[in-house]
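These notes concern the structure reproduced below.
Chain letters run A, B, ... following the sequence lines, proteins first, then strands; residues in each count from 1.
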Number of protein chains: 2
Amino acid sequence: MASTERPMRADARKNRDLLVAVARQHVRRQGITTSLEAIARDAGVGPGTLYRHFPDRESLLAEVLRIENDELAAARDRVAREVDVADRLDAWLSEVERHIATYRGLSGPLVGALEDAEPTPLGSVCAEMLVATEQFLADARRAGVARADVTAHDLLGCAAMLAWLGSTCPAGSRQADGARDILRRGYRADR
Amino acid sequence: MASTERPMRADARKNRDLLVAVARQHVRRQGITTSLEAIARDAGVGPGTLYRHFPDRESLLAEVLRIENDELAAARDRVAREVDVADRLDAWLSEVERHIATYRGLSGPLVGALEDAEPTPLGSVCAEMLVATEQFLADARRAGVARADVTAHDLLGCAAMLAWLGSTCPAGSRQADGARDILRRGYRADR
DNA sequence: GCTGAACCGGAGGGTGCCTCCGCTCGACCG
DNA sequence: CGGTCGAGCGGAGGCACCCTCCGGTTCAGC
């Protein structure tokens, strides 16, 4: 289907890429509620152009994340390779938390996408994280370091909560650390 | 100090009370990001009037909560009286979570107030919850059902996280239940 | 080069935030 | 009870943002 579509016009492609690049900067700095108009301005295009390429905030966001997701995949492989199985799940969840927390305000929409039945732009990003988490959870269970009644879905929810708490508190606060410790003891089988 | 100030003019008092009442409805229905202009409109006053009584969103919110806080205090007394010490802390934290979750979006500002050094309008609301939580935590420790390294501050953070997760998911989702179980096992000493 | 379809960008209507200022009306005094 | 004056009112207005629509422009294939 997609293969039968003719390729994008060169100027359209350029604008689209530029918009995603500028959006990435803005979202990193201002969080996901950053002004779309400002992104268009900075990219030197009109608002109409932005809205044609990305009909709503979420599709633009999904595109930004799609690019960034390579980083998370790399982290996943690194964790699987280098971290001892006893701490692998912890390490992975930390990565997920850090990834989510990169963009202030992302945790909300992400949890929404985790729940939503119909596929949203953010859905695929979520699905990937869920698969990896299931993998790590299975490993941990086999090694006897994760409780049996905890699900990957729950764990992602926990990571999102922590990311939320961390980016809600004033920067530099250790508020999330206590909660993280409590959560760890709650899903691990060995403490 | 406050006692030397002359009492409010009757019309001002009336407007102020009306605004708080209308705001309460709106915030309950729409969450804390509800439109302040709409509140003013519904109360039949101009925006200027609203902003003189409540210079920013947070002071209006704090006033709404101050009224509602009686409910939480009642819950606190009921829990202290009726619930067995083994489950008292759990019961109290559930109440806190429910209370916070009543107003969609409240968890963020509340956590902020929990951290802030200088007193914000929401600060006193927080302080009250913190005191009660410390009390219940101390009881639980004495009864041997709470881990020693958990702080009341951490627990409030956890309640806020759960409230956040609960009101972020589409209504009726059980997403928060898993996280709540994990957290409970994390702070309790007996499971 | 020509042509038409794809694409552009900005004007504009709607909403919300917050401020400022001229007028009103309630409180108190004589 | 009537007058005064200042607290209080409310709406106009400036600003930012969201999103849509459409007349003009530019690319791509012939």
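Electrostatic pairing of E68(B) and R28(B) counts as a salt bridge here, judged by a charged N lying under 4.0 Å from a carboxylate O. Look at D77(B) and R81(B) and you find no salt bridge, because none of the NZ, NE, NH1 or NH2 atoms lies under 4.0 Å from a carboxylate O. Ion pairing of D149(A) with R147(A) is absent here, as no side-chain N (NZ or NE/NH1/NH2) approaches a carboxylate O to less than 4.0 Å.
Put simply, CG on L36(A) is 16 Å from P on dA16(D), counting in whole angstrom units. Nucleotide dC18(D) holds its C1' atom 7 Å from the CD atom of E37(A), rounded to whole Å. I39(A) has its CD1 atom 13 Å from the C1' atom of dC18(D), to the nearest Å. Between R57(A) atom CZ and dT20(D) atom P the separation is 13 Å, expressed in whole Å. Per the geometry, CD belonging to Q30(A) stands 14 Å off P belonging to dA16(D), to the nearest Å. Between the C1' atom of dC18(D) and the CZ atom of R41(A) lies a distance of 12 Å, rounded to the nearest Å. With rounding to whole Å, M8(A) atom CE is found 19 Å from dT26(D) atom P. To the nearest angstrom, P of dA28(D) lies 13 Å from CZ of R13(A).
Here T49(B) lies in heavy-atom contact (under 4.0 Å) with a base. Using a 4.0 Å heavy-atom distance criterion, D56(A) is classed as making no nucleic acid contact. Nucleic acid contact class of R52(B) (heavy atoms, under 4.0 Å, all strands): base.
Contact annotation: N15(B) side-chain N/O to dC9(D) OP1/OP2 distance is under 4.0 Å.
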One pair to check against side-chain hydrogen bond (donor to acceptor under 3.5 Å, both in side chains): H26(B) and D42(B). What are the steps and the verdict? CA-CA 10 Å; H26(B) 277 239; D42(B) 267 26; 2.9 Å; yes
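For the pairing with Y187(A), the side chain to side chain donor-acceptor pair (under 3.5 Å) check across T151(A), D154(A), D90(A) returns one residue only, D90(A).
Side-chain atoms of L165(A) and R180(A), non-hydrogen and from C-beta on, never get closer than 4.5 Å to each other.
Nearer to the 5' terminus of DNA chain C, by closest-nucleotide assignment, is the contact made by R16(A) (compared with the other of G48(B) and R16(A)).
Once you apply a 4.0 Å limit to the heavy atoms of chain B, the touched nucleotides of DNA chain C run 5' to 3' over dG16(C) to dA27(C).
Scanning atom types as modelled, no donor and acceptor separated by under 3.5 angstrom connect the side chain of R9(A) and the base of dA28(D).
Listed by chain and residue number, nothing satisfies the side-chain hydrogen bond (donor to acceptor under 3.5 Å, both in side chains) test with S124(A) (two or more places apart in sequence, or in another chain).
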